[in-house]
Amino acid sequence: MKKLLLYLLTLFVFTTVKANAEVASDTVQTKKVDVGHLILSHVNDAYEWHIITIGSHHISIPLPVILFDSNHNLVVFMSSELHHGETMYGKFKISEDKKYEGKIVEVIPDGSEVRPWDFSITKNVLSLFIGILLIISIFIAVGKRYTSNTLKAPKGVQSWIEPIILFIKNDIALPSIGEKRHGQFLPYLLTLFFFILINNLLGLIPVFPGGANLTGNIAVTMVLALITFVITSVKGTKSYWLHLVNTPGVPWWLKFPIPLMPFVEILGVFIKPIVLMVRLFANITAGHIVALGFYSLIFVFGEKNIFAGYGVSVISVTFTIFMGLLELLVAFIQAYVFTLLSALYFGMAMEESETH
Amino acid sequence: MGLVTPDIGLIFWMVLSFTILVFVLKKYAWKPILTALHTRETAIENALNRAEEAKQEMLTLQAGNENILKQAVLEREKIVREAREMRENIIAEAKKTAHDESVRMKKNALEEIEHQKLLAIKEMHDAVATLSVDIAEKVLKDILADSTTQKTLVDKYVKDLKFN
């Protein structure tokens with residue numbers, strides 16, 4: 001526990017260093033802190049993994065850019081060719097236009113910008129790979145231990161993970177889906193929980209292997225919500241679909257002549273995954289934005305008066321530590337909520353008519 | 001708007017890698033883990049059940065032992081009691097037999113004494129008779145040794161005879 005606290009504290013110190021560096025670079029270039037732009041560029045995806053800026057020199061990890069241009073040709077180059085968006089590579093550049101801001105666009109002969117099919121290994125994609133490698137290495141090692149020492153007491157990482165697995169099995173899957181059918185959904189629910197949790201935690205680490213806002217990216221949460229939606233629809237029983245159209249226990253005039261209730265029910269089918277998507281995205285992104293906002297305060301005040309900046313830094317660091325601990329809690333809660341709701345939706349879809 | 005517009009690239013990589021993740025973890029992590037957990041659960045349950053059974057068995061065994069012990073104590077008491085009774089019986093019988101024997105012997109002795117007494121009396125009678133004859137003979141011989149006496153005696157007898 002002490003070790004963990006120490007680790008967290010170290011993380012926050014690094015956060016300070018990192019934010020300082022980033023904000024400093026902005027002040028050097030523009031001589032004015034654009035807090036909104038700073039925060040959004042940090043929260044958004046990027047074509048390179050920015051580590052630190054010293055003076056006006058950026059240190060970042062270049063990542064491969066993979067594009068299909070307007071002629072359906074595959075174009076692959078490293079993002080370092082764009083020099084942090086300062087130069088063009090062939091007909092490609094990072095757009096500064098409002099519409100595609102921060103994205104790579106193809107400049108077609110008439111001068112307008114077109115977005116190509118973009119399959120680049122961006123910061124978030126690399127973070128996704130790192131997270132997945134981490135999860136696979138942890139769980140395959142743990143899985144091996146279970147095979148070799150089936151009847152022994154859990155040990156090491158195993159003893160951290162076992163209560164969580166049992167919690168998901170006995171307190172999420174079992175009551176939501178039921179004794180008979182919960183087994184087939186367990187692999188997905190467990191993967192979902194640990195994927196969200198580990199990527200949330202990676203997002204809290206401000207230095208290289210972490211720091212990407214992966215679970216706060218709408219594309220990632222959308223895919224997760226879509227998978228839940230697809231499983232719910234595919235596994236939906238006849239009575240589940242019938243109840244959508246003809247909800248039992250509702251007065252007839254709500255269904256006929258205006259099918260108000262069926263309309264609401266069918267809308268609900270789509271609203272559920274959308275809510276899942278938005279909840280995770282908003283919670284994680286908000287955490288990142290608030291932490292960055294507190295740090296930006298230092299530089300906003302520092303611009304007026306350097307001593308005001310120092311003064312505010314004390315408050316900012318204190319609040320960010322508090323926010324960080326809160327985010328740690330949120331990381332667990334959001335993983336739990338996403339998994340629980342997915343399990344509940346599966347349970348609803350698998351419900352037989354006799355339970356009504 | 002950039003924040004809420006999903007990128008096709010990230011969606012593609014996410015679908016690909018998450019699907020792979022689910023299948024890899026299903027095969028190499030969740031299956032062995034869940035099977036092991038189930039095995040352990042049943043193993044623990046079985047062990048607990050067996051322990052409970054052993055406890056019950058021990059209790060019945062203990063009760064049986066107690067019963068046996070109680071019976072043994074009863075048996076011992078019974079044997080001791082029987083032995084005591086037997087001893088008393090034997091003593092009483094011995095006493096009775098001894099008494100009877102002594103009575104019988106006394107009676108025999110008395111009879112014998114009586115018999116011997118009679119015999120002795122008879123013998124004494126005979127002895128007395130013989131002695132008397134002997135004495136008489138001796139006396140007669142002594143008396144009749146001198147002829148005067150013999151003469152007087154014969155005279156006397158003759159006189160007696162005459163009187164008769």
Side-chain angles (χ1 to χ4, degrees), chain A residues 40 43-45 66-67 98-103 117-122 124-125 128-129 131-132 135-136 138-147 149-152 158 161-162 165-166 169 183 186-188 190-192 194-195 214 216-224 226-227 278 281 285, chain B residues 1-70:
Chain A
L40 280 182
V43 166
N44 261 329
D45 208 353
I66 304 163
L67 304 167
K98 214 63 208 144
K99 195 175 171 195
Y100 297 126
E101 199 182 352
K103 304 285 176 199
W117 288 93
D118 186 352
F119 294 100
S120 307
I121 306 296
T122 56
N124 275 340
V125 176
L128 172 72
F129 291 164
I132 282 180
I135 295 169
I136 285 181
I138 291 173
F139 284 93
I140 286 185
V142 170
K144 268 187 193 149
R145 224 198 104 74
Y146 272 102
T147 333
N149 291 322
T150 309
L151 294 180
K152 297 256 176 70
Q158 199 189 1
I161 283 164
E162 187 173 313
I165 292 177
L166 285 176
K169 182 174 179 278
L186 263 182
Y188 172 66
L190 286 166
T191 313
L192 187 66
F194 285 107
F195 178 84
L214 183 68
N217 186 294
I218 196 102
V220 172
T221 59
M222 190 178 86
V223 171
L224 294 176
L226 257 177
I227 295 174
V278 171
F281 156 75
T285 302
Chain B
M1 269 315 279
L3 200 60
V4 287
T5 320
D7 269 315
I8 185 76
L10 192 52
I11 291 176
F12 168 75
W13 291 114
M14 176 66 192
V15 169
L16 187 74
S17 28
F18 191 77
T19 317
I20 292 171
L21 181 71
V22 170
F23 283 102
V24 167
L25 286 187
K26 187 179 176 182
K27 190 165 190 309
Y28 294 104
W30 307 134
K31 228 179 199 165
I33 290 174
L34 291 171
T35 325
L37 284 177
H38 185 74
T39 317
R40 197 197 291 161
E41 224 166 77
T42 35
I44 290 172
E45 210 179 292
N46 282 347
L48 285 176
N49 282 345
R50 271 202 303 273
E52 187 61 32
E53 270 169 29
K55 202 174 140 196
Q56 286 299 330
E57 210 166 293
M58 217 180 65
L59 279 180
T60 28
L61 223 72
Q62 227 166 24
N65 278 352
E66 242 158 62
N67 258 351
I68 289 171
L69 208 73
K70 221 181 270 173

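So you know, we letter chains A, B, ... as the sequences are listed, proteins then strands, and number each from 1.
When the candidates L128(A), I138(A), V278(A), T147(A) are compared by the number of heavy-atom contacts under 4.5 Å with chain B, L128(A) comes out ahead. When the candidates W117(A), F195(A), F281(A), Y188(A) are compared by the number of heavy-atom contacts under 4.5 Å with chain B, F195(A) comes out ahead. Of all the listed residues (D118(A), N44(A), L40(A), L190(A)), the one sharing the greatest number of non-hydrogen pairs under 4.5 Å with chain B is L190(A). By number of non-hydrogen pairs under 4.5 angstrom with chain A, the leading residue of T39(B), I20(B), L37(B) is L37(B). The most heavy-atom pairs under 4.5 Å with chain A, out of I8(B), T35(B), T19(B), come from I8(B).
With a 4.5 Å cut-off on non-hydrogen atoms, I165(A) touches chain B through its side chain but not through its backbone. Heavy atoms closer than 4.5 Å to chain A are found in both the backbone and the side chain of V22(B). There is no contact between Y100(A) and chain B, counting heavy-atom distances below 4.5 Å. Residue I161(A): no heavy atom, backbone or side chain, is found under 4.5 Å from chain B. Heavy atoms closer than 4.5 Å to chain A are found in the side chain of F12(B), but not in its backbone. Looking at T285(A), only its side chain comes within 4.5 Å of chain B, counting heavy atoms on both sides. For a residue to count as touching a neighbouring chain, one of its non-hydrogen atoms must lie under 4.5 Å from one of that chain's; by this rule I44(B) does not touch chain A. For I11(B), the parts lying near chain A are the backbone and the side chain together; criterion is any non-hydrogen pair under 4.5 Å. Of the two parts of L192(A), the backbone and the side chain both hold a non-hydrogen atom closer than 4.5 Å to a non-hydrogen atom of chain B. Heavy-atom distances place the side chain of L186(A), and not its backbone, under 4.5 Å from chain B.
Atoms CG and CZ, from D7(B) and F119(A) in turn, are 10.5 Å apart once rounded to the nearest 0.5 Å. Atom CD in Q158(A) sits 8.0 Å away from atom CD1 in I33(B) (nearest 0.5 Å). Distance CD1/I140(A) to CG/L25(B): 7.0 Å, rounded to 0.5 Å.
Using modelled atom types and a 3.5 Å distance limit, the side chains of W30(B) and T191(A) yield a donor-acceptor pair.
Minimum interatomic distance between I218(A) and T5(B) (heavy atoms only, all atoms of both residues): CG2-C, 3.8 Å. The shortest non-hydrogen separation linking W13(B) to I66(A) is CZ2-CD1, 4.3 Å. When every heavy atom of K152(A) is checked against every heavy atom of R40(B), the shortest pair comes out as O-NH2, 3.5 Å.
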Report task. Would you check, one step at a time, whether the test side chain to side chain contact (heavy atoms under 4.5 Å, CB included) holds for Y146(A) with L34(B)? Result -> CA-CA 9 Å; Y146(A) 272 102; L34(B) 291 171; over 6 Å; no

Query raised in the report: So I132(A) and V24(B), side chain to side chain contact (heavy atoms under 4.5 Å, CB included) or not? Walk me through it.
Result: CA-CA 10 Å; I132(A) 282 180; V24(B) 167; over 6 Å; no

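Counting non-hydrogen atoms of neighbouring residues, nucleotides and ligands closer than 6.0 angstrom, the CZ atom of F23(B) reaches no more than 12 such neighbours.
Exactly one of V220(A), N124(A), N217(A) qualifies for a side-chain contact (heavy atoms from CB on, under 4.5 Å) with M14(B). That residue is V220(A).
Contact check for Y28(B) versus F139(A): no side-chain heavy atoms found under the 4.5 Å cut-off.
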